[in-house]
Engineer: 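Take this structure, written in structure tokens, and hold onto it; I'll ask about it next.
Convention: sequence-line order gives letters A, B, ...; per-chain numbering from 1.
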Number of protein chains: 2
Amino acid sequence: MKSLNLTTQRQAVYDIVRNSHDHPTAADVMNRLVEKGYNFAYGTVYNSLRYLTEKELIRELKLGESASRYDAKLDDHQHIICEVCGRVDEVMSEIPKEWSGAVAKETGYDVHHAHVVFGGVCSECQTKRTK
Amino acid sequence: MKSLNLTTQRQAVYDIVRNSHDHPTAADVMNRLVEKGYNFAYGTVYNSLRYLTEKELIRELKLGESASRYDAKLDDHQHIICEVCGRVDEVMSEIPKEWSGAVAKETGYDVHHAHVVFGGVCSECQTKRTK
DNA sequence: TTTGAATTTAGAATAAGTATAAATCTTATT
DNA sequence: AATAAGATTTATACTTATTCTAAATTCAAA
Ligand SMILES: [Mn+2]
Ligand SMILES: [Mn+2]
Ligand SMILES: [Zn+2]
Ligand SMILES: [Zn+2]
């Protein structure tokens with residue numbers, strides 16, 4: 001299951017995601033491909049994103065918005081969304097193990113992972129607001 | 001903004017959500033309404049769910065599945081999904097304040113809230129699996 | 001009663017994503 | 001080089017969840 005077939009279109013999609021640091025949606029990726037002069041079929045972009053996700057070169061993020069976002073940062077991390085401007089930033093601070101432990105005890109689940117989405121106001125929007 | 005107009009359909013939808021403890025989707029609510037003998041328009045159920053959410057009688061949950069779920073439990077809490085059977089259970093254990101603090105410091109955000117979705121295997125599915 | 005606002009209804013429209021089937025590209029085999 | 005097999009891309013149709021629209025209905029003043 002390790003074989004990797006990076007076609008022109010998959011490579012181009014991967015490059016976009018790798019070089020974007022704003023967690024782009026499929027539509028974002030599409031626009032950036034067009035800006036670079038590519039004109040792939042709509043479905044190809046989705047297929048490529050799915051392929052890259054399956055091969056674990058990128059991650060799909062479901063943050064509670066209408067569209068999935070994509071992330072080439074693979075280390076385990078969480079996200080925070082600005083309620084004012086909508087930007088999505090990284091949260092590297094790890095979930096406390098004691099908390100997962102408490103949840104396992106409380107629920108009786110074997111807890112495998114946690115997806116956390118923080119909400120708040122980013123520093124830029126904070127300064128704009130105080131004006 | 002406090003006026004509350006609970007029509008027959010809104011009341012019926014509210015009753016379903018209040019008496020369901022499995023975090024039903026809009027489609028679930030619809031089916032249960034039909035079981036009770038109601039036959040509301042599709043859009044009315046969505047409108048009612050939106051209305052009740054706006055009036056804060058229920059909460060809309062976006063857990064990363066395709067459809068929203070609804071919850072009449074209003075106290076601040078999180079959720080955990082069984083990867084085997086798909087059930088959604090409550091997590092009352094609160095997010096550690098130190099962690100939110102660390103995230104605020106790391107990101108520079110004014111952190112307002114966190115949505116957490118744990119994933120794992122529920123106790124029922126654990127026992128079934130060991131067999 | 002008439003009037004007007006709010007609500008419901010049926011159905012059309014939208015948005016994100018998936019499925020399909022034909023066309024094209026790759027890779028091996030002769 | 002010619003062929004066949006397999007994978008991929010393309011264009012388009014479809015699905016699913018949800019919202020929008022416009023007409024019909026309900027409900028509450030005046
Ligand atoms: Mn990220
Ligand atoms: Mn709940
Ligand atoms: Zn912001
Ligand atoms: Zn289970």
Engineer: Please pick, from D:dT10, C:dG17, D:dA17, the nucleotide with the shortest atom-to-atom distance to any side-chain atom of B:A67.
Structural biologist: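 Nucleotide nearest to B:A67's side chain: D:dA17.
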Engineer: Can you see whether A:T25 engages A:D28 through a side-chain donor-acceptor pair at a distance of less than 3.5 angstrom?
Structural biologist: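 Their side chains do contain a donor-acceptor pair, which is all the 3.5 Å distance test asks for.
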Engineer: Of all the choices, D:dT10, C:dG17, C:dT9, which nucleotide is nearest to the side chain of B:T44 once you look at every atom?
Structural biologist: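 Closest of the options to the side chain of B:T44: C:dT9.
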Engineer: Can you measure A:Q11 atom CD to C:dC25 atom P for me and round it to whole angstrom units?
Structural biologist: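 Those two atoms, CD and P, are 19 Å apart.
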Engineer: Could you state the CZ-C1' distance from A:R69 to C:dA15, rounded to the nearest angstrom?
Structural biologist: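 After rounding, the reported distance stands at 16 Å.
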Engineer: In the single-linkage hydrophobic clustering (I, L, V, M, F, W, Y; side-chain heavy atoms under 4.5 Å), do B:L63 and B:I58 co-cluster?
Structural biologist: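 No.
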Engineer: From the options D:dT10, C:dT7, C:dA16, select the nucleotide whose nearest atom is closest to the side chain of B:N5.
Structural biologist: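 So the side chain of B:N5 is nearest to C:dT7.
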Engineer: Between C1' on C:dA21 and CG on A:N47, what's the gap in Å once rounded to a whole number?
Structural biologist: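 So the two atoms are 14 Å apart, to the nearest Å.
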Engineer: Check the side chains of A:H77 and A:D71 for a donor-acceptor pair under 3.5 angstrom, ignoring hydrogens and angles.
Structural biologist: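 Result is yes, a qualifying pair exists.
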Engineer: Using 30° and 60° as the class limits, which term best fits the ring planes of B:F118 and A:W99: parallel, tilted or perpendicular?
Structural biologist: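 Perpendicular, since the angle between the ring planes exceeds 60°.
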Engineer: Check the distance between D:dT19's P and B:Y51's OH and give it to me in whole angstrom.
Structural biologist: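 Going from B:Y51 (OH) to D:dT19 (P), I get 17 Å.
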Engineer: When all nucleic acid strands are considered with a 4.0 Å heavy-atom cut-off, which category describes B:T25: base, sugar-phosphate, or nothing?
Structural biologist: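 Nothing, no heavy atom under 4.0 Å.
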Engineer: Nearest whole Å is fine: how far is D:dT10 P from A:Y38 OH?
Structural biologist: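 So the two atoms are 12 Å apart, to the nearest Å.
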Engineer: Describe the nucleic acid contact of A:T7 in one word from base, sugar-phosphate, nothing, applying a heavy-atom distance below 4.0 Å.
Structural biologist: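 Here A:T7 touches the backbone only, sparing every base.
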Engineer: Taking CG from B:L6 and P from D:dC27, how many angstroms apart are they, rounded to a whole number?
Structural biologist: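 Distance check: B:L6 CG to D:dC27 P gives 14 Å.
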Engineer: When you measure from the side chain of B:Q9, which nucleotide among C:dT9, D:dT10, C:dT18 comes out closest?
Structural biologist: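 Among C:dT9, D:dT10, C:dT18, the one nearest the side chain of B:Q9 is C:dT9.
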Engineer: If you assign each of B:Y42 and B:R10 to its closest nucleotide in DNA chain C, which residue comes earlier from the 5' end?
Structural biologist: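 The residue whose closest nucleotide sits nearer the 5' end is B:R10.
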Engineer: Tell me which nucleotide among D:dT10, D:dT19, C:dG17 gets nearest to the side chain of A:F40.
Structural biologist: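 When the side chain of A:F40 is considered, D:dT10 is the closest of D:dT10, D:dT19, C:dG17.
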Engineer: Whole Å only: how far is the NZ atom of B:K62 from the P atom of D:dT16?
Structural biologist: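 Rounding to the nearest Å, NZ of B:K62 and P of D:dT16 are 20 Å apart.
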Engineer: Check every atom of C:dT8, D:dT8, C:dG17 against the side chain of A:S68 and return the nucleotide holding the closest atom.
Structural biologist: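 Nearest listed nucleotide: C:dG17.
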Engineer: Whole-Å distance between C:dA6 P and B:L4 CG?
Structural biologist: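 Value for this atom pair: 15 Å.
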Engineer: Is the shortest side-chain N/O distance from A:Y46 to OP1 or OP2 of C:dG17 below 4.0 Å?
Structural biologist: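 Answer yes for this pair, as a side-chain N or O of A:Y46 is under 4.0 Å from OP1 or OP2.
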Engineer: Any idea which of C:dA16, D:dA17, D:dT18 is nearest the B:S66 side chain?
Structural biologist: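 Given the options C:dA16, D:dA17, D:dT18, the side chain of B:S66 is closest to D:dA17.
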Engineer: Using a 6.0 Å distance limit plus a 45 degree cone around the ring axis, check whether B:R59 lies over the aromatic ring of B:Y70.
Structural biologist: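 Geometry flag: not set, cation outside 6.0 Å or 45°.
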